[in-house]
J.: 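Shown below is the structure under consideration.
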Amino acid sequence: MSTLPPASPSPERAPRLTVIGTGYLGATHAVAMAYLGFEVLGVDIDQRKVDLLNEGTVPFFEPGLPEKLDEALASGRLRFTTDLDQAAEFGDVHFVCVGTPQQMGSEAADLRFVDSAFTELARRITRKVLLVGKSTVPIGTAERLTTLVQEISPLGAELEVAWNPEFLREGFAVQDTLHPDRLVFGVTSPWAEDRLRAAFEPILAEGTPLIVTDLATAELVKSAANSFLATKISYINAMSEVCEATGADVVQLAEALGLDERIGSKFLKPGLGFGGGCLPKDIRSFKHRAEELGIGEAVAFLGEVDAINVRRRLRTVALIRQVAGGDLMGVRVAALGAAFKPDSDDVRDAPALDVARMLYLEGAIVSVYDPEASVNAHRVYPDLEYAASLDQALVGAEVTVLLTEWQEFRTADPAQMGEQVRTRTVVDTRNALDADRFRAAGWDYWALGRPHTAPVPVQVVVSNRSQAAGRVVDKSADLPC
Ligand code: UGA
């Protein structure tokens, strides 16, 4: 899909924008808005990050973002600073994009960074501007922040807060920001709506659907969307548990379910489960907030969604232990992947790294290889061995485990891989490898939720009602692996 800029903003309406917080969300938002034609000032408390961004270096891996950063910097419309005074002076619309991680020792979100960004800005605001939250927050945060900033700001009750949740996926951040499938504006006045319409004019001009709503609904859209996605993944992974107990095949099951348009095949990929900096902490924070509100029962199922997801990791370790002969002590394991998903170097709550760590704790000699996330993974778990290449990770392996479905692993030649390892045993925790190719190359192929022997090919019967006859199509070659 194209990432060319749509219509530029009208100069007379275009607000000057600041973006507070330059992590995955903020850096992408700042770059995208400048690319679309706005004057943008990115702000972060981390001088190193600010320096890197000003030099044209994205401090994390995100396909397509470095090129867009270069273009935006060259246009002269984008710069980064640590100076909030400058930001308060500069911006007409301020986007707050700081992190809301899980609190230590609690399932609640840690709102310290959000609170600090809003209050520090508010102290400095002396003219009518709009403060917009984009971070994922518990319902009621925007209303609380409104009271807080109005107390602090010299502008008093005139200072308005809006909420504009972000739905970008890591790995597709540029595309999702420039061409989102919807925009949501949580506002308390027509003026705030108008300011946001002006800030998103080029994107709205593309015909992007817009929902204008109240603050609480805007906050809830994000928690509800991520909860739904997590639930869908855990649903198919719960079915995977049923398949493991009955000999059914979860990949074929997912394909059959996904063909029902009401269900759909997206986010129905069975495997090691979800991780990252968003889904796990968002469902926990949502559940925690619901309990605070006295409506915990309404989303109690999210506890089960979380538990199913965590069980996938334990089940994976159990399967690897089983194929290794019942004991992992001294077993050499090639762990392919550390990032929480492909096309990302993010290892926050990464199922892959968690499994590698559990194998290590059981005595396995684990060699991890990830095309982009090894540096971050090493920072979190320095005790694991990190290989510089796929081949190096495979050398002498007794069990090879696919943990993150990078393209490099999906397309690797099983015969060539087999030359490096000691034993041709592979555990495919993402149902992402071509099982037939691996078996043909002499590998003992194992996967979660699939029979150990080759499954019966999927057959789709296309019936012609008038002739009452059926045609059988062998779709086994089209299986998602
Ligand atoms: C997620 C949402 O998809 C975004 O819409 C949202 O904006 C973002 O969180 C956020 O809150 O900021 P992201 O964390 O980048 O985006 O990753 P996803 O693509 O949603 O994947 C999440 C996890 O689910 C990954 O670990 C992935 O491997 C896993 N997954 C995904 C599955 O196990 N099965 C699937 O079918 C799909």
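As the structure lists them, so they are numbered: ligands from 1, and atoms in each ligand from 1.
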J.: Heavy atoms only, cut-off 4.0 Å: how does L279 contact ligand 1, side chain, backbone, both, or neither?
T.: side chain
J.: How far is atom 2 (C) of ligand 1 from its nearest protein heavy atom, and which residue and atom is that?
T.: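 Result for atom 2 (C) of ligand 1: N226 OD1, 3.7 Å.
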J.: Under the ring pair (Phe, Tyr, Trp, His ring centres under 6.0 Å) rule, what pairs show up with a residue in residues 258-290, not counting sequence neighbours?
T.: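 Of all non-adjacent pairs touching residues 258-290, none passes ring pair (Phe, Tyr, Trp, His ring centres under 6.0 Å).
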J.: Check each of F340, F274, F267 against atom 37 (C) of ligand 1 and report the one with the nearest heavy atom.
T.: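 The nearest heavy atom belongs to F267.
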J.: Under 4.0 Å, heavy atoms only, figure out whether ligand 1 is touched by the backbone of L229, its side chain, both or neither.
T.: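 For L229, only side-chain atoms sit under 4.0 Å from ligand 1.
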J.: Side chains of W406 and D370: is there a donor and an acceptor less than 3.5 Å apart?
T.: yes
J.: Provide, to 0.1 Å, the distance between atom 10 (C) of ligand 1 and the closest protein heavy atom, together with that atom's residue and name.
T.: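 Minimum-distance protein heavy atom for atom 10 (C) of ligand 1 reads C278 SG, 3.1 Å.
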J.: Quick one: does NZ or CZ of R197 land under 6.0 Å from the six-membered ring centre of F185, within 45 degrees of the ring axis?
T.: no
J.: Pick out which of R450, R312, R311 makes a side chain to side chain donor-acceptor pair (under 3.5 Å) with S240.
T.: R312
J.: If you count the atoms of ligand 1 from 1 in the order shown, which ones are under 4.0 Å from a heavy atom of E170?
T.: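 Listed by number with element: 15 (O).
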J.: Can you find an N or O of I233 that's nearer than 3.5 Å to an N or O of ligand 1?
T.: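 Among all N and O atoms of I233, none is under 3.5 Å from an N or O of ligand 1.
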J.: Check contact between G271 and ligand 1, using heavy atoms of the residue and a distance below 4.0 angstrom.
T.: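 Flag not set, G271 not near ligand 1.
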J.: In ligand 1, which numbered atoms sit nearer than 4.0 Å to a non-hydrogen atom of E166?
T.: 7 (O)
J.: Does the Lys NZ or Arg CZ of R357 fall within the cation-pi geometry relative to Y360 - under 6.0 Å from the ring centre and within 45° of the axis?
T.: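 No - R357 does not lie over the ring of Y360 by the 6.0 Å and 45° rule.
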J.: Could you check whether E304 pairs with K287 (Lys NZ or Arg NE/NH1/NH2 to Asp/Glu carboxylate O, under 4.0 Å)?
T.: no
J.: Please check if atom CD in E143 has more than 12 non-hydrogen atoms from other residues, nucleotides or ligands closer than 6.0 Å.
T.: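 It does not: E143 CD has 12 such atoms or fewer within range.
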J.: Examine the proximity of ligand 1 to D282 and report which part, side chain or backbone, both or neither, has a heavy atom under 4.0 Å away.
T.: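 Contact part for D282 vs ligand 1: side chain (C-beta onward).
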J.: Quick test: of every protein heavy atom, which one is nearest to atom 16 (O) of ligand 1, and how far off is it to 0.1 Å?
T.: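 Scanning the protein heavy atoms, the shortest distance from atom 16 (O) of ligand 1 goes to R169 CA, 3.9 Å.
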J.: Compute the centroid of each ring, for Y24 and then for F60, and state whether the two points are separated by less than 6.0 Å.
T.: yes
J.: Within the structure, is a non-hydrogen atom of G276 found at a distance of less than 4.0 Å from ligand 1?
T.: no
J.: Exactly one of D249, L257, V251 should register a side-chain contact (heavy atoms from CB on, under 4.5 Å) with L253. Which one does?
T.: L257
J.: I need the nearest protein heavy-atom contact for atom 5 (O) of ligand 1: residue, atom name and distance, please.
T.: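 For atom 5 (O) of ligand 1, the nearest protein heavy atom is F167 O, 2.9 Å.
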J.: Just let me know how K232 lines up against ligand 1, side chain, backbone, both or neither, with a heavy-atom cut-off below 4.0 Å.
T.: neither
J.: Based purely on interatomic distance, does K341 place a nitrogen or oxygen under 3.5 Å from a nitrogen or oxygen of ligand 1?
T.: yes
J.: Between F200 and F95, is the ring centre distance below 6.0 Å?
T.: yes
J.: For ligand 1, is any non-hydrogen atom under 4.0 Å from K266's backbone (N, CA, C, O), its side chain (CB onward), both, or neither?
T.: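 It is neither; nothing of K266 touches ligand 1.
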J.: Side chain, backbone, both or neither: which part of L268 has a heavy atom under 4.0 Å from ligand 1?
T.: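 Backbone only; the side chain of L268 stays clear of ligand 1.
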J.: E405: heavy atom below 4.0 Å from ligand 1, yes or no?
T.: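 Contact absent.
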J.: Report yes or no: does E206 contribute a side-chain atom to a donor-acceptor pair with the main-chain N or O of T208 at less than 3.5 Å?
T.: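 Not at all, since once roles are kept as given, no pair shorter than 3.5 Å links the two residues.
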J.: Quick one: nearest non-hydrogen protein atom to atom 36 (O) of ligand 1, plus distance?
T.: K269 N, 2.9 Å
J.: Please check this pair: side chain of E241 against backbone of A245, looking for a donor-acceptor N/O pair closer than 3.5 Å.
T.: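 Checked: no pair found.
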J.: Give the single entry among T100, L168, D346, T136 that approaches atom 4 (C) of ligand 1 most closely by any heavy atom.
T.: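 Result: the heavy atom closest to atom 4 (C) of ligand 1 is in L168.
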